[in-house]
K.L.:
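Can you read through this structure? Questions will come right after.
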Amino acid sequence: MTADKRAPITHDPADLPSSADVVVVGAGIMGLATAYHLAERWPKRRIIVIDKGYLCSGASGRNGGGIRAQWSSATNIGLMKESLELCADFATEMGVNVWFRRGGYLFLARDEDRVRQLQASAELQREHGLPTRMIDAKEAKGLVPELETRGLLAASWNPDDAVVFPWPFVWGYAKGCAARGVGIFPFTDVLGFERKGDAIAAIRTSGGTIRCNEVILATGAWSPEVAAHLGLALPNKPHRHEICSTEPLKPFLGPLVADLDSGLYCSQSMRGEIVGGISNERVPEGIDHGSSLRFLGLYAKAMVKTFPRFGAVKVLRQWSGCYDITPDGNPIVGPVESVPGLTLLCGFMGHGFMMAPIMGRRIADYLAKGEGVALIERWGLGRYERGELLEEAMILG
Amino acid sequence: MSDKTLVCRCEDVTLHAIEEAVARGHRDIESVKRYTGFGTGWCQGKQCSALCAREVVRLGGDMPTQPVTPRPPVHPLSLAELATLVDDGDPEP
Amino acid sequence: MATVRIQVDGDEMDVSAKDSVAVALVRSGRWLLGRSVKYHRPRGPVCFRERCEGCLMRVDGVPNVMTCRKPVRAGMKVETQNVVGSASFDLLSITDWAFPKGLDHHHMWTRFKPTNDLMKKIARRVAGVGTLPETVMPPQAVEIQRVDVVVVGAGYAGVAAANEVARRGASVLLVDEARARGGEARLLSAAGLEDEDEERVRLSPPVAYRRKTTALGVYRERPNGEVLDGGIVLVHNAEGLCAVECDALIVASGVTGGAVAFPGNDLPGVITATGALVLLSRGVQPQRVGLVGDGPLLSALSGRLRKLGVRCHGPFAGTEVQAHGKSQVETLRAGKESHRVDWVVAGAPPSAAGELAVQGGATMTWSDDGFFVDAGDDGRTKSPFIFAIGSCTNRRGEPALEQAIAAARLATRSS
């Protein structure tokens, strides 16, 4: 713990320095976790993090707090298994409560195709040491008595998956950054870049120009917009996803319940609110943080069908965040040939939050020590040109 | 009962909590809202939005330009009442 | 006067058939309706217009019902929520005593994992207000409507706008959450509006008007995803939900009070000026009142109370006072003096009830310690779909009727 427990975790944007060794663009959990770990490996380098908004204004402040290791690809399973443990230890490591609770995740299957998919994923997860197993409708009902089990064939169940309250992760990493000498500058927008040949020489921001050679883009759904300043056309696109929260009720729902076919998911937060969302394809293009009637209607219909007793439960507020969608549902991470000095850390779909604790470490290890090249190459931007698209069957929301 | 001054009754946020938030660097009302939880409870800021903005300014925080973003619905609304808004097989416009 | 029998925490109670649950309880002398989420401090109704959490109780097996506007019904079952023990003796209020300066839940017990885990278990146990409803509520039908213009708020400005829209041959739906039109003016008047003022709230046909109806949300897309030039206003009343598609929305929702900061300001019996006016209009009268803060509503209220022979103390500034009491406010301390009171009425600087306008794309400005919808003298806002008029705008004080007429003209241009 630092001597002054109440030291501000962010700087005045007016105090933006004119140069830095590393600039991380994006002060969401991904950028902050990266800066935090980089600062440990590069204690002598001047690292700063900039963000166009206030802390928690992006997806890090808008998600439902789900943290799971149930994925269909070995890479995701392995990474998330580690990230779950990091999240479990976060409160005592970083000195801020995040309300990590292992209530488990329950993925519902209503047709044979889904059963097969979940079974295959569960098997792969078990190979990685996870306790995931398929359960029948009766056992699912035992876990969630309010669940309507008519039409439910089976479910995939991992009791070690978890939910958290997301915002304190951002404050915790910010506090850790501050303690390690990383400056965080909110309300600082990227206006453009200065190049020396192809390499980055400086970033022009709303608060001034920062001379730097190393830039990490952890800007989530805003990545294509920021990358365009570098003449880089990224293949990911922002996609609005809505979410809503009910009145706070005494805790009764243990797991996070999810249905990959409709994209429905919900869990009960530490305050007792049921927080959840559902897929909705009919959304405006681009970055949009509006709320729609369609979402409310789709969500309410699915919720009342899945949990009949929730009919009288009241919605308190709806909001949205933008997923960072890539053509193959896998992230875009690593260096870019055409822009020396740039490292991409984006394309995490709707699961960037849960991946940030482990990815912050991995990217820092890669940049500082050249470790973990395999992951960087797997998720590199170049795979699209080479036609080497990856897969992930368990994208939610 | 102790002499607390409540700035947000829904989430039991005290004036002291606002002071703490500003001291820790949360200076704009959106950040203070997230750190303290004011405006995120039952009334969604109807009772506390203006008061908390006043207190943040008084404590040296940033002058607000907009209130904390109001989210629909203005009053709590049951899931059952929303469940027939969308027709199954709704054609794409 | 007709009475009905209801059940409150297991005890039977005869109440006036015309009262809402909260008003009935307050009339019977009970202000303590529940306990707060974190410190389990005593709580009671404050605003009496469904804009706060003070009156939440479990009613007929449904949690978190705002009882200030819930009409009583024979056989109704009303229960206190969120207590271990009873409303007046809640064991969990130990949290309030144990942490006089407040509990920093962000940083408590983060030193060691076992204690952190234990703390989380306890926190989860005591979280939430109300338990899952007992009965299953099946999907309810939604009414779909289409009008040219929706006007929210039936005060003088809203009525003028609605009448002008009708006069210009467009269809209009006027909604207001109160029982009667007149908004702030009606609240302020002692025995109802004067005849000439009743004129100002008379509706020219064919204005469609729904009272006790709340506007819940503004959307710019249909439920099928189709983007609209206009929008959809969700309105709600005892009959259910209605989605009203319209070309323009005129927001005339007025101002709201909000809280005033002073120690003990959350005690049951500390109410807003509008709350006090609602109680008086229901014939609930105190003997002694402490007044805190200022504002036109508080001044008007103070005048009325004095006329009724109520003993008033103050008005005092929020910085001068402290409220004290066990389960409800008993004394208001100002400096060295301590006044015994039945109510404390706290008047905050006015701030717009502008949520709807902002949802639809309007912006607000911060002035005189409050937020107001940024509107032109013709009611135009940043959103071409939304007009804002009257005291909810940053032009309050300017002639609202002219603004209302101008807005109505602009709103009907496209119809």
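Residue numbers begin at 1 in each chain, while the letters A, B, ... track the order of the sequences.
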K.L.:
Identify which part of S327(C) has an atom lying under 4.5 Å from any heavy atom of chain B, answering side chain, backbone, both or neither.
P.N.:
neither

K.L.:
Check whether H40(C) gets within reach of chain B through its side chain, its backbone, both or neither, counting any heavy atom under 4.5 Å.
P.N.:
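Just the backbone, heavy atoms under 4.5 Å.
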
K.L.:
Tell me whether the count of non-hydrogen atoms from other residues, nucleotides or ligands lying under 6.0 Å of CD in E143(C) goes above 12.
P.N.:
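Count over threshold, so yes.
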
K.L.:
If you count heavy-atom pairs within less than 4.5 Å of chain B, which of R222(C), H105(C), M137(C), Q322(C) leads?
P.N.:
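That would be M137(C).
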
K.L.:
For chain B, find which of E50(C), R51(C), E355(C), M66(C) contributes the most heavy-atom pairs closer than 4.5 angstrom.
P.N.:
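Of E50(C), R51(C), E355(C), M66(C), R51(C) has the most heavy-atom pairs under 4.5 Å with chain B.
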
K.L.:
Side chain, backbone, both or neither: which part of H75(B) has a heavy atom under 4.5 Å from chain C?
P.N.:
both

K.L.:
Decide side-chain contact (heavy atoms from CB on, under 4.5 Å) for T5(B) and N265(C); before the verdict, give the C-alpha distance in whole Å, the side-chain angles of both, and the deciding distance to 0.1 Å.
P.N.:
CA-CA 6 Å; T5(B) 299; N265(C) 63 342; 4.2 Å; yes

K.L.:
Taking all atoms of both residues into account, what is the closest heavy-atom pair of K46(B) and T256(C), and its distance?
P.N.:
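Nearest heavy atoms, K46(B) then T256(C): O-CG2, 4.2 Å.
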
K.L.:
Is Y35(B) close to H106(C) at the side-chain level, that is, under 4.5 Å between some pair of heavy atoms?
P.N.:
yes

K.L.:
Got L216(C) and L77(B) here, is their nearest side-chain heavy-atom distance under 4.5 Å?
P.N.:
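Of all side-chain heavy-atom pairs linking L77(B) with L216(C), at least one is under 4.5 Å.
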
K.L.:
If you count heavy-atom pairs under 4.5 Å with chain C, which of A50(B), P64(B), G37(B) comes out on top?
P.N.:
P64(B)

K.L.:
Given a strict heavy-atom distance threshold of 4.5 Å, which part of F262(C) is in contact with chain B: side chain, backbone, both, or neither?
P.N.:
backbone

K.L.:
Using a cut-off of under 4.5 Å for heavy-atom pairs, which of A83(B), C8(B), A53(B) has the most such pairs with chain C?
P.N.:
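Top option by heavy-atom pairs under 4.5 Å: A53(B).
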
K.L.:
Would a 4.5 Å heavy-atom cut-off, applied to side chains only, mark V86(B) and N224(C) as touching?
P.N.:
no

K.L.:
Flag the pair R35(C) and D12(B) as a salt bridge only when some basic side-chain nitrogen lies within less than 4.0 angstrom of an acidic carboxylate oxygen.
P.N.:
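Answer for the salt bridge query: no.
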
K.L.:
Between Q44(B) and chain C, which part of the residue has a heavy atom less than 4.5 Å away: side chain, backbone, both or neither?
P.N.:
neither

K.L.:
Checking heavy atoms, do the side chain of T14(B), its backbone, both or neither come under 4.5 Å from chain C?
P.N.:
side chain

K.L.:
Contact between E11(B) and S36(C) at the side-chain level, heavy atoms closer than 4.5 Å - yes or no?
P.N.:
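Not in contact.
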
K.L.:
Any donor-acceptor pair under 3.5 Å linking the side chain of Q66(B) with the backbone of T363(C)?
P.N.:
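Not confirmed, Q66(B) side chain does not pair with T363(C) backbone.
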
K.L.:
What option among S351(C), P349(C), G240(C), A348(C) has the most heavy-atom pairs under 4.5 Å with chain B?
P.N.:
P349(C)

K.L.:
Can you find a pair of side-chain heavy atoms, one from W42(B) and one from L56(C), that are under 4.5 Å apart?
P.N.:
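Yes, close enough: below the 4.5 Å cut-off.
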
K.L.:
Among side-chain atoms of H236(C) and E81(B), is any donor-acceptor pair under 3.5 angstrom?
P.N.:
yes

K.L.:
Walk me through whether D96(C) and K4(B) qualify under salt bridge (charged side-chain N to carboxylate O under 4.0 Å, His left out).
P.N.:
CA-CA 9 Å; D96(C) 194 30; K4(B) 293 185 175 73; 2.5 Å; yes

K.L.:
For T84(B) and P139(C), which heavy atoms make the closest approach, and how far apart are they?
P.N.:
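For T84(B) and P139(C), the tightest heavy-atom pair comes out as CG2-CB, 3.8 Å.
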
K.L.:
When heavy-atom pairs shorter than 4.5 Å are enumerated against chain C, which of P73(B), P72(B), C43(B) gives the highest number?
P.N.:
P72(B)

K.L.:
Given side chains that start at C-beta, do those of V74(B) and L356(C) come closer than 4.5 Å, heavy atoms only?
P.N.:
yes

K.L.:
Should the heavy atoms of other residues, nucleotides or ligands under 6.0 Å from CG of L228(C) be counted, would the total exceed 12?
P.N.:
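Count over threshold, so yes.
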
K.L.:
When you compare the side chain of V13(B) with that of K38(C), does any pair of heavy atoms fall below 4.5 Å?
P.N.:
no

K.L.:
Are T65(B) and M364(C) packed together at the side-chain level, in the sense that at least one heavy-atom pair is separated by less than 4.5 angstrom?
P.N.:
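No; the side chains remain at least 4.5 Å from each other.
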
K.L.:
Please classify the contact between S78(B) and chain C as side chain, backbone, both or neither, with a heavy-atom cut-off of under 4.5 Å.
P.N.:
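Contact with chain C: side chain only.
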
K.L.:
Between C10(B), P67(B), P70(B), which shows the greatest number of heavy-atom pairs under 4.5 Å with chain C?
P.N.:
P67(B)

K.L.:
What part of A352(C) gets within 4.5 angstrom of chain B, counting heavy atoms only: side chain, backbone, both, or neither?
P.N.:
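Looking at A352(C), nothing touches chain B.
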
K.L.:
Measuring from atom CG of L85(B) to atom CD1 of I232(C), what distance do you get when rounded to the nearest 0.5 angstrom?
P.N.:
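Those atoms lie 8.5 Å apart.
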
K.L.:
Salt bridge or not for R9(B) and E53(C), using N-O below 4.0 Å?
P.N.:
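Salt bridge between R9(B) and E53(C), a charged N being under 4.0 Å from a carboxylate O: yes.
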
K.L.:
Crowded around K70(C) NZ? As in, over 12 foreign heavy atoms under 6.0 Å?
P.N.:
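Open: at most 12 neighbouring heavy atoms sit under 6.0 Å from NZ of K70(C).
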
K.L.:
What do the steps show when you test D3(B) against H324(C) for side-chain contact (heavy atoms from CB on, under 4.5 Å), and what is the final call?
P.N.:
CA-CA 8 Å; D3(B) 286 328; H324(C) 291 272; 3.4 Å; yes

K.L.:
Between N64(C) and chain B, which part of the residue has a heavy atom less than 4.5 Å away: side chain, backbone, both or neither?
P.N.:
both

